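Here is the naming used below: chain letters follow the sequence lines, and residue numbers restart at 1 for every chain. Heavy atoms only: backbone and side chains are in, while hydrogens, waters and symmetry mates are out. Values in this document were obtained by computation on a predicted structure and should not be read as measured data.
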Protein chains: 2
Amino acid sequence: MHNCDKRRHPKHFPQDSPMAPRSASKSAVPSDKVGVICRALRRAIIEQALEPGAKLPEDSLGERFGVSRTIARHALGQLAAEGLVELRRNRIAVVATPSWQEARDAFDIRIELERLVVRQLAGKLTKSQVAELNAHVDAEDHARDGSDAVSIRLATEFHILLANMTNSPILVRYVSEVAYRCCLTLSLYSRPHSSECAINEHRAIIAALVKGDEAKVMSLMHSHLDSVASRALVAPAPRRGRDLLDILAPYAEESEGGRVVKMPKVVRAR
Amino acid sequence: MHNCDKRRHPKHFPQDSPMAPRSASKSAVPSDKVGVICRALRRAIIEQALEPGAKLPEDSLGERFGVSRTIARHALGQLAAEGLVELRRNRIAVVATPSWQEARDAFDIRIELERLVVRQLAGKLTKSQVAELNAHVDAEDHARDGSDAVSIRLATEFHILLANMTNSPILVRYVSEVAYRCCLTLSLYSRPHSSECAINEHRAIIAALVKGDEAKVMSLMHSHLDSVASRALVAPAPRRGRDLLDILAPYAEESEGGRVVKMPKVVRAR
DNA sequence: AGCGCCTCAATTGCATGCAGTTTGACGGGC
DNA sequence: GCCCGTCAAACTGCATGCAATTGAGGCGCT
């Protein structure tokens, strides 16, 4: 097995998320064993403990979480439905590796959805909600020294927190999903810098929400996400040195003849 | 058992969908047995063969489709992730019964998403795509005499067809999901009339798309969906005589003291 | 040495079985 | 007659077992 073992046991998965105890999977999950696994994997993915392309064998998952393959499998199904993992018949599930175009699409959708969020929220936040938002941004600020992973997670959770305040489960679900996808993208195409300036933009959004200026806050959110996207999607080519083969795979058919890798028998089946 | 058996075997499920052989579940499904069940149930739901609240026991599903409960269960999980069915621990899965507010939210999201669709599509359609759209609307027209179920399905599929043309799998998925949800809503809150006028609106949208007028087509789509929504969501109270108890359940706490039903022991637990 | 075939461990696909929970009904008490 | 407690059937939650597929390394051939 080539590089699988390195990442098979990423750390020990954080078994419970501090925030988002409900979020997307509220109604989707039969029991909660599945829910626990989903949340853990989601978090591991957005913190980049699991990089795109990482393998997720049902056995290992089941063993790690103390459940049978059946449950692990079900969890993988849910995550696949969210677009976070890819399931191919008779093959090991892997963390999704969105193409550059898919990433771009995800951001486009995210912009529209989050504009909707702030439109619904403008001028309607309670004092305690504002306090909660400010506290969260403070936490983001505080985490600037820490790992990038935490910063990215917190930044994402800010947006989900906003969505939560709309009290629209559907909207929460979609915003969460698409935000997670965008996180995936970040770990694929972006450099480890990102978040810094985003914090101020978050503060500006809160201010505009409180002021109640719909148009203003929508445009703020738009440009905020636009800049996140453009910081992330600088070039349509993957930058960081990863699995090489795995990352190159999606480009197999549209290789424009640059430096060509040997690719022994990938050509055969694909 | 109250009214369960009547709908336990709705007809025989249409095993394959004429259109949408891929749609939302393309990447979500491990094998295709699950996919087949999902598609069949989705279709049965949007054609209102399965009404909101209808029970979906794993055994019956498995038996009907010739698979084990494991697979049926997995399929239900997927549909739950899409919001089409509700899964409660240790309880029989049921077709989702969105509240009026959820329905409103779904339409709001749908409007934004579909505006995005037509924005991306304006002026970019190929001849054959236009032909396909026209053919579809012709089919809608032709189906006006037929059952409401088919009309509703075709109207919904028109929107999904549009989304497909963006070549953005994510967008397709979200539009499909939310459109299906809106169908659910229609079968809950709307009267059997709807589609008639929608056909002309569809034609107008195609025309504007061809003309390439972004602003125009976005506003057309907006008002089209708005009018569908307002035709559907006339009153926040359910109209058609359905399960009574099931439908009234969500209103248990906000009963404004109109004619009260007896409700023998629903009060106890709920 | 290089190339292809073949075999085997690893892994998924799926059904079945058992245990626990809910449902709905029957029967006794008020 | 009505209400409540008890019970059996129905259903879900989950693990396990077996068959089928994959892909990776080894072997022989050129």
Could you state the atom-to-atom distance from [atom1] of [X] to [atom2] of [N] in whole Å?
X	N	atom1	atom2	answer
B:Asn90	C:dT21	CG	C1'	5 Å
A:Ile92	D:dT22	CD1	P	13 Å
B:Ile37	C:dC14	CD1	C1'	12 Å
A:Arg69	C:dT11	CZ	C1'	7 Å
A:Arg88	C:dT12	CZ	C1'	12 Å
B:Glu63	C:dT16	CD	P	12 Å
B:His74	D:dC14	NE2	P	14 Å

Could you work out which one of [options] sits closest to the side chain of [X]?
X	options	answer
A:Asp59	C:dT12, D:dT12, C:dT16	C:dT12
B:Glu58	D:dG13, D:dA15, C:dC14	D:dG13
A:Arg89	D:dA15, C:dG13, C:dT12	C:dG13

Check whether any side-chain nitrogen or oxygen of A:Arg73 sits under 4.0 Å from OP1 or OP2 of C:dG13, and answer yes or no.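 Affirmative; the distance criterion is met.
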
Distance test, side-chain N/O of A:Arg91 to OP1/OP2 of D:dG23, below 4.0 Å: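 So the side-chain polar atoms of A:Arg91 do come within 4.0 Å of the phosphate oxygens OP1 or OP2 of D:dG23, strictly under.
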
Measure across B:Leu161 and B:Glu132 and return the closest heavy-atom pair with its distance rounded to 0.1 Å. CD1-OE2, 3.5 Å

